[in-house]
There are 2 protein chains.
Amino acid sequence: MVPVKQRTLTWNDLIELFRSQKSWMNGIVAALDVTPQMAHALNEIPESGSITMKVLSAALMCDASNMTGIIDRLEARALVERRADPDDRRVKCVALTPAGKRLRKRIDEAFNQPPPAIAAMPVADQRALGNLIRQALTHAEAQRLERTGS
Amino acid sequence: MVPVKQRTLTWNDLIELFRSQKSWMNGIVAALDVTPQMAHALNEIPESGSITMKVLSAALMCDASNMTGIIDRLEARALVERRADPDDRRVKCVALTPAGKRLRKRIDEAFNQPPPAIAAMPVADQRALGNLIRQALTHAEAQRLERTGS
DNA sequence: TATTGTTATACTCTATAACTATA
DNA sequence: TATAGTTATAGAGTATAACAATA
């Protein structure tokens with residue numbers, strides 16, 4: 001009877017799981033012929049309508065200059081298009097093209113699956129894990145608001 | 001009474017948590033004046049003794065040519081040193097310098113803490129999460145062996 | 001003056017291919 | 001021939017600073 005370790009979840013545990021599943025995820029995005037960041041950006045652009053560069057770079061938590069490059073690459077692939085904002089001519093609105101919408105849907109489906117290491121667990125554990133992680137996400141969001149919105 | 005969502009853990013949940021905690025982690029490694037990959041490499045080099053470039057690149061799941069660059073940067077900072085392997089002159093052994101050992105210890109302590117979003121949860125939940133994630137890690141390792149060792 | 005987005009620049013990380021030196 | 005590591009190269013992501021257009 002091996003005693004179960006009763007330790008809290010550390011950053012090391014989390015990053016180790018993330019790294020172990022990275023090649024699975026890289027394979028999925030590579031098969032769709034995009035990079036992880038391009039996939040993330042596509043996922044943040046609404047199915048219909050548009051999003052500004054500023055909001056997009058906040059969602060990807062990267063610098064605005066960085067966002068320019070990622071959207072450049074998506075635009076070169078005709079997956080998105082930049083539009084002028086009629087109300088404020090400084091602002092650029094990014095919208096999905098039909099091809100972008102199709103790709104976004106495929107990415108969305110792939111990323112809403114459990115990664116292989118999770119899928120190998122009993123379903124009850126997968127659910128317990130899902131509930132706990134989503135609870136952690138609410139704390140993360142609250143802490144983010146505390147940092148930025150004070 | 002809001003019903004709790006009973007969904008399994010998806011890749012989207014996991015990556016969202018990871019991204020939300022990334023700036024916290026980036027802050028820690030930046031304060032220690034290393035990049036995340038440099039920190040990871042330092043953590044894989046044993047406290048005493050050495051590790052070969054090949055084993056190191058397998059641990060970081062990156063190409064060998066990539067490993068050369070990361071170790072170059074650590075060596076330029078005098079945190080590690082390359083030694084010749086007396087048994088096989090093709091092999092390079094990487095070992096920590098005294099400064100590397102000190103830094104490795106600080107990294108190890110930082111990464112064995114729960115990230116802020118986890119630390120905000122009740123300790124019982126943190127432990128449950130730790131046990132479930134470490135269970136997932138054993139599945140990940142089994143799947144890795146299945147892929148490579150068959 | 002402040003804000004949105006871009007350009008210029010520099011560095012890290014990433015992989016592939018060609019190479020050196022061993023085995 | 002095969003393996004360990006490096007170099008050369010190219011592309012992607014990252015941040016900072018300077019800039020243009022607009023508010």
Side-chain angles (χ1 to χ4, degrees), chain A residues 15 18-19 22-23 25-27 29-42 44-45 50-77 79-95, chain B residues 15 18-19 22-42 44-45 50-77 79-95:
Chain A
I15 203 170
F18 190 78
R19 285 198 187 107
K22 208 174 60 175
S23 63
M25 190 273 259
N26 284 347
V29 298
L32 298 174
D33 201 24
V34 288
T35 63
Q37 283 298 85
M38 283 162 79
H40 188 192
L42 282 174
E44 296 291 340
I45 304 171
S50 62
I51 187 172
T52 69
M53 293 297 283
K54 187 181 174 65
V55 174
L56 206 42
S57 64
L60 265 71
M61 289 191 288
C62 69
D63 192 80
S65 64
N66 204 332
M67 207 63 248
T68 297
I70 294 168
I71 294 301
D72 281 351
R73 290 186 277 279
L74 288 172
E75 202 167 29
R77 293 272 305 281
L79 294 167
V80 306
E81 57 182 21
R82 284 176 169 95
R83 294 171 188 164
D85 185 321
D87 298 337
D88 185 338
R89 291 169 63 195
R90 291 173 304 184
V91 173
K92 299 275 175 67
C93 298
V94 182
Chain B
I15 202 170
F18 190 79
R19 285 198 187 110
K22 207 173 61 174
S23 63
W24 165 79
M25 191 272 259
N26 284 346
I28 287 176
V29 298
L32 298 175
D33 201 24
V34 288
T35 63
Q37 283 299 86
M38 284 163 79
H40 188 193
L42 282 175
E44 296 291 339
I45 304 171
S50 64
I51 187 172
T52 69
M53 294 296 285
K54 189 180 172 65
V55 174
L56 206 42
S57 65
L60 265 71
M61 290 192 288
C62 69
D63 192 80
S65 65
N66 205 332
M67 208 63 248
T68 297
I70 294 168
I71 294 301
D72 280 352
R73 289 186 277 279
L74 287 173
E75 203 168 27
R77 293 272 305 281
L79 296 167
V80 306
E81 57 183 21
R82 285 175 168 95
R83 294 171 187 164
D85 185 321
D87 298 337
D88 186 338
R89 291 169 63 195
R90 290 173 304 184
V91 174
K92 299 273 177 68
C93 297
V94 182

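This is a predicted model, so every value here is computed, not measured. Just so you know, these numbers use all the heavy atoms, side chains as well, and skip hydrogens, waters and symmetry mates. Proteins come first, then strands; the chains are lettered A, B, ... in the order of their sequence lines, and each starts at number 1.
Distance CD (A/E75) to C1' (C/dT6): 13 Å, rounded to an integer number of Å. Straight-line distance from the NE2 atom of A/H40 to the C1' atom of D/dG13: 14 Å, rounded to whole Å. In this structure, A/D87 atom CG and C/dT3 atom P are separated by 19 Å, rounded to whole Å. Between the CD1 atom of B/I71 and the P atom of D/dG5 there is a distance of 11 Å, rounded to whole Å. The nearest whole Å value for the distance from the CE atom in A/M67 to the C1' atom in D/dG13 is 11 Å. Going from atom CZ of B/R82 over to atom C1' of D/dT6 covers 9 Å, rounded to whole Å.
The side chain of B/M53 lies closest to D/dT6, out of C/dG5, D/dT6, C/dA21. The side chain of B/R90 lies closest to D/dA4 when the candidates are D/dT7, C/dT6, D/dA4. Of all nucleotides listed (D/dT6, D/dT14, C/dT12), C/dT12 comes nearest to the side chain of B/T35. Nearest to the side chain of B/T52, among C/dT4, D/dT3, D/dG5, sits D/dG5. Considering only the side chain of A/V91, C/dT4 comes nearest among D/dT7, C/dT7, C/dT4. Of the candidate nucleotides D/dT22, D/dT14, D/dT6, D/dT6 has the atom nearest to the side chain of B/A64. Comparing D/dA12, D/dT7, C/dG5 by their nearest atom to the side chain of A/K54 picks out C/dG5.
A donor-acceptor contact shorter than 3.5 Å is absent between the side chain of A/R77 and the backbone of A/V34.
The base of C/dT22 has none of its N or O atoms less than 3.5 Å from a complementary donor or acceptor on the side chain of B/R89. For a distance-only test at 3.5 Å, the side chain of A/S65 qualifies as a donor-acceptor partner of the base of D/dT16.
Annotation for A/N26 and A/P36: closest pair OD1-CG, 3.9 Å, computed over non-hydrogen atoms.
Looking at heavy-atom distances under 4.0 Å, B/D88 makes contact with sugar-phosphate atoms alone, never a base.
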